Amino acid sequence: MVKGVNGSGKSTFLRLLTGLIHPPVKGLFWEGEELKRQNLLLYQQNLLYVGHKLCLHHDALLNDQLCLWQGLYNISKASLEYALQIWGVAAFKNKKISHLSQGQQKRLSLSRCSWLNRSLWILDEPHVGLDLEGKVTLDHILNHHQQKNGLVILATHDPVSTSKEIIL
Amino acid sequence: MIRREVRHLYLHKGTLFATLTFFALSLFCVSLALGPEEKILRLTTPALCWILAILTTLFSTPLLLKDEAQQGLLDEILLQPLLPAFTLLSKIGAESLLLGFPLIIFGGLFSPFFALSFSETLTLALTLLIGFPALSALGILGGLLTLNTRGGGILIALLILPLTLPLFLLSLICMEKVRLDLDSLPPFCLLMGVALLLTIISVSAGSWALRFAVEE
Amino acid sequence: MSISTPYLTYILGAYGVTLFSLCLFLGWTIFQWKKSIHQLNNSSHET
Amino acid sequence: MKYRWARPNFFLKITTPLLPVSFILTLLFLTGGLYLGLIASPPDYLQGDGMRIMYVHVPASWIASLIYAFLALMSFFAFVWRHLLAEVLAISSVPIGALFTGLSLVTGALWGKPMWGTYWVWDARLTSVLVLLFLYGGYWALYKSYSRPEQGIRAASLLALVGVINLPIIKGSVEWWNTLHQPASLIKLSSPSIDPSMLTPLLLMAGAYFFYFITLLMIRTRTELNTRKLLILEAKK
């Protein structure tokens, strides 16, 4: 878990960890190996990044978004729909994404935690914009992931039960 | 993959429609301004078509890119296992299909009104068809370079218009040769080569630009 | 060069424009340089 | 250190004595060139005294292209290795290059008026010089429109590299387009046998321009380095 006051560089740090930003001084290491061109791709295949920007197509219907995801990540439709049900947004399938509320969009974006099978999760303030019920769902899923030996790197201001804290 | 990008681009049908309308309307406006003289129209229409095609791509492509950047979709491209250059290529393909084809058909349909003969129309359509992917690639490059700047629109024209010059001039040479009933094959081959080269250069430069555009 | 050449205005114009703009640019550059040194001194004194 | 020559402090140290030297060289070459060009050299048998404009015009075009080559090289270094010095050198050379391109256009127009009767023709050479001016302008505009210089320089470097690849293509296409549109009625400068009495002032002027470029490059680089330092100082506060 990454903590820090506003503007201390949490988001930048997380983006650095995803390899999207070129590290200015030293390289990025994962499991003892420095990440270069070749293994950076492998590493990125292993991580899930949900940032402040939600990676949703605003003009699309939710259904279209599902189709795009299906094509992009080779995911079966059933697992997608299952994930949407967990996050409670399955009912809005024929709505435009820009017509969904902020919280619903955030849920939709976070739903990739449930359908994308990756071991390292990098989440940038996932609690923001979620209601109480959503936060419970999120914590539940995070715990479940950790029990499966998954790794979560999380930037947040909310109290979460974790093992390690990095304070920026 | 191109199908995915087509589907993606289709979401922006409003912008595409507006762009096409812009193309058609300005073509009519300029020809009204030039007067009904057939000789002048015949001489100027190919150039007009090309300039308008350049402008429409230069202004619409970056608009779409900016939209994607705001949603964070460019991160998604970079986190894919595929090289970003391929994604950019498929974007170009999608744009050629959804914007380029209608544009060419438009031009082809209306060129008889501008006193172009059949062979001239055909040449115009062919040169546009070949040049469009390169234009779209240059537009993407410009859009990515100006993504994090203040006031991108005019800047793109300043950056990219000089680079589109070869395509434009070579097509006009083709048109002129056809009009004078000369052999138009050599400029046509040259045009193909230049278009291919420009596409390759700007796609590879674009994939670099993409990398540091998301670092913001 | 003979003074009565018909191109005198153009020749003098070309040389004049060249020298004038070279000098102007030099002056502007030196002005900027001095200004930056001045600013740097100011701000390092403050800190 | 591997990149000792590329460190700003080292650059400042070696250019401190070089600056007056190159400035004096500029003055020397300039006086020599001006004297020979304006007064001592014989008038051309075809163009008369109008030929004298050549001595300020042609070297300006040479230097303008040279600076673009320099800019592209520095952009390459800046883009690949992210050297601070290369970035600063690149951005410092742009206004000088634009100045020489502009001068080449203006003096060319002043030459063209008495020789061909118009200030401007859409000749291949003229058009490609104009495109060069646009490329410089684009580089500068792109650099300036980023709020942080280190980001702007990378975008601009990429543009300069694309530009340098495209420049021959642009030039070629413009040339071809012109051969179709108008017969080449202009007197070609690049005649193989140029008289030494004309070549000397030409080369002297080229030397003057070159050292002028070097002098200004050093001054501008210092200015730019100061500005960067100032930014860092302000960020620390």
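Protein chains get the first letters and strands the later ones, always in sequence-line order, with residue 1 at the start of each. Nothing here was measured: the structure is a model prediction, and the numbers come from that model. Every heavy atom of this structure was used, including side-chain atoms; hydrogens, water molecules and symmetry mates were not.
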Side chain proximity check, D/Leu99 to C/Leu22, heavy atoms < 4.5 angstrom: yes
Note, D/Phe100 side chain near C/Thr18 side chain (heavy atom, < 4.5 Å): no
Contact summary for C/Ser36 and D/Asn226, nearest pair of heavy atoms: OG-ND2, 3.1 Å
Euclidean distance, D/Thr107 OG1 relative to C/Tyr10 OH, rounded to 0.5 Å: 14.5 Å
From NZ (C/Lys34) to CD1 (D/Ile219), nearest 0.5 Å: 8.5 Å
Chain C contact via D/Phe213 - which portion, at a heavy-atom distance below 4.5 Å: neither
Over 12 non-hydrogen atoms of neighbours within 6.0 angstrom of CZ in D/Phe23: no
Residue part contacting chain C, namely of D/Leu103, when any heavy atom lies under 4.5 Å: side chain
Smallest separation among heavy atoms of C/Leu40 and D/Lys229, with atom names: CD1-CB, 3.8 Å
CZ (D/Phe134) with more than 12 external heavy atoms under 6.0 Å: no
Reported OG1-to-NZ distance for the pair D/Thr223 and C/Lys35, which is rounded to 0.5 angstrom: 10.5 Å
Gap between atom CD of C/Gln32 and atom CD of D/Glu224 - 0.5 Å precision: 9.0 Å
Largest heavy-atom contact set with chain C, pairs under 4.5 Å, which of D/Leu34, D/Thr215, D/Val56: D/Val56
Heavy-atom pair with the smallest gap, counting every atom of D/Tyr212 and C/Ser21: OH-O, 4.4 Å
Spacing of CH2 belonging to C/Trp33 relative to OG1 belonging to D/Thr221, to within rounding of 0.5 Å: 11.0 Å
Top of D/Leu30, D/Ile96, D/Ile53 for chain C proximity - count of heavy-atom pairs under 4.5 angstrom: D/Ile53
Check: D/Leu110 and C/Thr9 side chains under 4.5 Å, non-hydrogen atoms: no
